[in-house]
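To start, the structure under review is shown below, and the notes come after it.
First listed ligand is number 1; within each ligand, the first listed atom is number 1.
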Amino acid sequence: MQYVKGVGPRLAEVLAAKDIRTVDDLLHYLPFRYEDRLNPRSVAELRAGEMATVIAEVRNSGLFRTRRMPIFQLTVGQGRTRLKCIWFNAAYLHDRFQAGQMVALYGKVEEDRDGELQIVQPQFEILGDINANEEGGAGAAEKEAEKKAAASLEIGRIVPIYESAGQGKLTPRWFRRMIRWTLDNLNPDLPDPIPAAVRAHLSLASLREALWKVHWPDAGESFTDLQSSRTAAHIRMIFDELFFIELGLELKRREQKAQTGIAFQLNDGVREAIKKILPFHPTAAQKRVLKEIATDMQTSHPMRRLLQGDVGSGKTIVAFQAAIIAIENGYQVALMAPTEILAQQHYFSARQILEQAGYRIVLLTGSLEQDRKREVRRHIAQGNAQLVIGTHALIQDRVEFENLGLVVVDEQHRFGVMQRLKLMKKSDDARVVTGLRPVLPGEDARRSTEAEPDVLVMTATPIPRTLALTLYGDLDVSVLDELPPGRTPVITRSLLDERAPEVWDFVRKQIAGGHQAYVVYPVIEENEERELKAAQQMHRQLREKIFPNLHVGLLHGRLDAGEKEHVMREFQQGKIEILVATTVIEVGVDVPNATVMVVEHADRFGLAQLHQLRGRIGRGAAKSYCVLMRGSKVSEEGERRLDAMVRSNDGFQLAELDLELRGPGEFFGTKQAGIPSFRVANIIRDRQLLEAAKREAAFVISGPNAEISKVEIDRALREMRSRWALSYGLVEVG
Ligand code: ADP
Ligand code: MG
């Protein structure tokens, strides 16, 4: 940013904090709202209850000290009409206004106690006063000229309002001027990176036009469309952003398809082996999905498939079956889980199901003793181990396989596209293990001529279709949309804390009936220490006071691996009857005999997370119960979440609602979820544009043809690559 007029290193830093590093970023810093200063409301027409922009002259102002706080009052007028504005706790405003100044005010019009109109805490701008808070550096004459030009940007038009930056140091007005200057100096022959045919398909504005109008809308533009980002200019900007993401994903997908993979044989012997391990009849969905996977595995291209299935839909056995196909063909399989508990659990069931059938399985996690680790690695390297189960440590350390044929990544929901890419960047071994490459789409990644292993990614997060398109656009998708038979839906209740005694009674009864229970306590990262203490305290109280005759265990993330394993095993074997746990049990834990889950402070969890948690019960034939405990003070949103949980057992429905309530970032567990963070698009609002972007990306890559030239395609791909490089951190910005 430093080569833009007036931006020194200090400002560059402030801007970088807003993700503005290039001129392009600056141009994509869109107004979050607009003010109609072309037709501002006259003071006389104002009505209580409306949001309004008013331009008026300062009449007087003053600071009043009440007992509780200083109040700043400003009176503005137009002719004979007057309007009062007040700000609480705003002593800092006392010398900002002078009689005679023109000011623009924006806020909600209200009636005060005497029935007079006022605006409380309006946003304001003193028009024509451009010295305040800004970094200058220009000469005096130039400054004067600038003042005039700047003033014309502030009245008599629809004015863009930008979020300030650097604790108010960079005002909306600063951005207005800076962006205007940049636009004025934009190369007039700026080629549009979106091919003409694509623009024509969707009647999109050109880049140049969109950039101008999104910052400086025409006088005739619909104000509602502006505020809701629905003008032609906005739509172009949004599409633009989505299109280049989709283009990258589409390209990656094609490249992956074009690589050499392993063509596994699926003869009668293999079929027999797959069937033999089944401890139950597979559901129709399981059969269908296995067929999709097996078909991929038989082709000579590497499989890149996402298996989506709600909690308890039975993904594990499908993964085991896929593993057998690879193993029977003489290849090794790696199964990666996000937590040690889950890895151990997979190991546990793999031994029950696969070891009995004669397959050789090893567990490799970070916590193994060094000696044991070395030994396990040797087994892997020599090809003795056929199925390697581990945490992601598998990809962090240099694990060498003799001939890896299939990689299964379980509970991938925490790892989105971007994170997958980043993970890969860390080490080349990751590339080997996951088969996903640390390269930008379109770059030549081939380093060896060896066949790429197949990759199956499994997730329980019911990702709405359109989101799956962005997050996993480079993968094919299979869905397990059926639960195994004999499950009765979990009965869910939301209760006030004061009813805890009844709840504990109920738990006691279930245990007397031979079942087990979870008590889940939220431990949120920010307050980890304190909350962990609370969970431990809870455990002590339950063990000593409430269930003195029962076995109450404790499981949390800070236990070392051995302890975790021990606790899990005891719970699995029924020696522990009540397991007090933090969300470490959220993913994948499978103890069908547990029929009750009590969630403390349930309102603190997100919906997707609550659903995951609840998925730990209702896994056997017995009726299961989920009790969501909450205090009397719950936010409205928390209330809605609990309500939704009580009403619905459907992961997809809950996910959609969660998305709406919290937005995609939170839904996927904040930024680290690897959802690309969008500058202008909003994947919920802009679903249709996302679909269109996907379609058009495929169209572009299938070219050139009569509609689209090679030059245009190359330009689009170049643009895509530079955006992927900059935005997704694959290339450090110098
Ligand atoms: P998830 O999809 O959440 O990983 P799991 O693979 O852990 O689900 O399966 C949940 C439970 O359902 C396990 O106890 C598993 O043995 C059982 N299960 C899976 N498929 C079937 C089936 N077709 N019939 C009966 N039980 C099944
Ligand atoms: Mg699972």
Side-chain angles (χ1 to χ4, degrees), residues 274-293 305-324 335-339 341-357 387 389 408-414 456-463 477-490 515-516 518 568-569 571-574 583-595 597 608-624 626 649-652 654-655:
I274 295 174
K275 278 209 192 108
K276 227 171 49 192
I277 62 147
L278 281 176
F280 33 62
H281 286 292
T283 62
Q286 282 170 323
K287 280 192 203 156
R288 189 191 65 235
V289 167
L290 178 67
K291 205 162 167 191
E292 288 165 0
I293 293 170
R305 187 168 284 277
L306 173 71
L307 170 54
Q308 225 181 305
D310 206 348
V311 284
S313 59
K315 295 183 288 294
T316 317
I317 195 79
V318 175
F320 285 173
Q321 290 181 302
I324 291 178
L335 169 56
M336 299 197 296
T339 64
I341 290 181
L342 198 49
Q344 267 154 10
Q345 186 182 287
H346 279 321
Y347 182 57
F348 188 77
S349 28
R351 281 174 59 178
Q352 280 182 339
I353 295 175
L354 298 174
E355 208 161 70
Q356 292 209 340
L387 172 61
I389 297 177
V408 182
V409 186
D410 193 17
E411 302 297 350
Q412 170 80 15
H413 65 287
R414 317 212 131 178
L456 176 66
V457 168
M458 310 201 288
T459 177
T461 305
I463 307 164
V477 180
S478 288
V479 184
L480 271 183
D481 50 6
E482 181 185 355
L483 292 180
R487 303 268 172 89
T488 42
V490 176
H515 297 297
Q516 288 163 282
Y518 294 99
M568 263 331 283
R569 185 162 326 113
F571 190 57
Q572 238 140 14
Q573 295 168 346
T583 42
V584 289
I585 59 152
E586 175 190 341
V587 282
V589 170
D590 183 33
V591 179
N593 191 45
T595 55
M597 173 174 286
Q609 203 174 18
L610 282 173
H611 182 66
Q612 287 285 328
L613 282 170
R614 182 170 59 183
R616 300 309 112 219
I617 55 171
R619 300 193 141 230
K623 236 191 171 83
S624 293
C626 177
N649 264 302
D650 179 339
F652 269 92
L654 291 170

Subject >> Option nearest atom 3 (O) of ligand 1 (shortest heavy-atom distance, choices G312, A285, G615) >> reply: G312
Original post:
Which atoms of ligand 1 sit under 4.0 Å from any heavy atom of H281?
Top reply: 22 (C), 23 (N), 24 (N)
Original post:
Quick one: which ligand 1 atoms are inside 4.0 Å of a heavy atom on T283?
Top reply: 23 (N)
Subject >> ligand 1 N/O within reach of G309 N/O, cut-off under 3.5 Å >> reply: no
**OP:** Indicate whether any N or O donor in one side chain lies under 3.5 Å from an N or O acceptor in the other, for H611 and D650.
**Re:** no
Original post:
Which heavy atom in Q286 sits nearest to a heavy atom in S313, and how many Å separate them?
Top reply: NE2-O, 3.7 Å
**OP:** Check each atom of ligand 1 against the heavy atoms of T316 and keep those under 4.0 Å away; list them by number with element.
**Re:** 4 (O), 5 (P), 6 (O), 7 (O)
Original post:
With a 4.5 Å heavy-atom cut-off, do I293 and R305 have their side chains touching?
Top reply: yes
**OP:** Please identify which atoms of ligand 1 are closer than 4.0 Å to at least one heavy atom of S313.
**Re:** 2 (O), 8 (O)
Original post:
Which of the atoms in ligand 1, numbered in the order shown and given with their element, are less than 4.0 Å from a heavy-atom of P282?
Top reply: 23 (N)
Original post:
Can you find a pair of side-chain heavy atoms, one from L456 and one from V409, that are under 4.5 Å apart?
Top reply: no
**OP:** For ligand 1, indicate whether the residue Q286 contacts it via side chain, backbone, both or neither (heavy-atom separation under 4.0 Å).
**Re:** side chain
Original post:
Where is the tightest heavy-atom contact between S624 and A594, given as atom of each residue plus distance?
Top reply: OG-O, 4.2 Å
**OP:** Please test K315 against D310 for salt bridge (charged side-chain N to carboxylate O under 4.0 Å, His left out), starting from the C-alpha separation and ending with a verdict.
**Re:** CA-CA 9 Å; K315 295 183 288 294; D310 206 348; over 6 Å; no
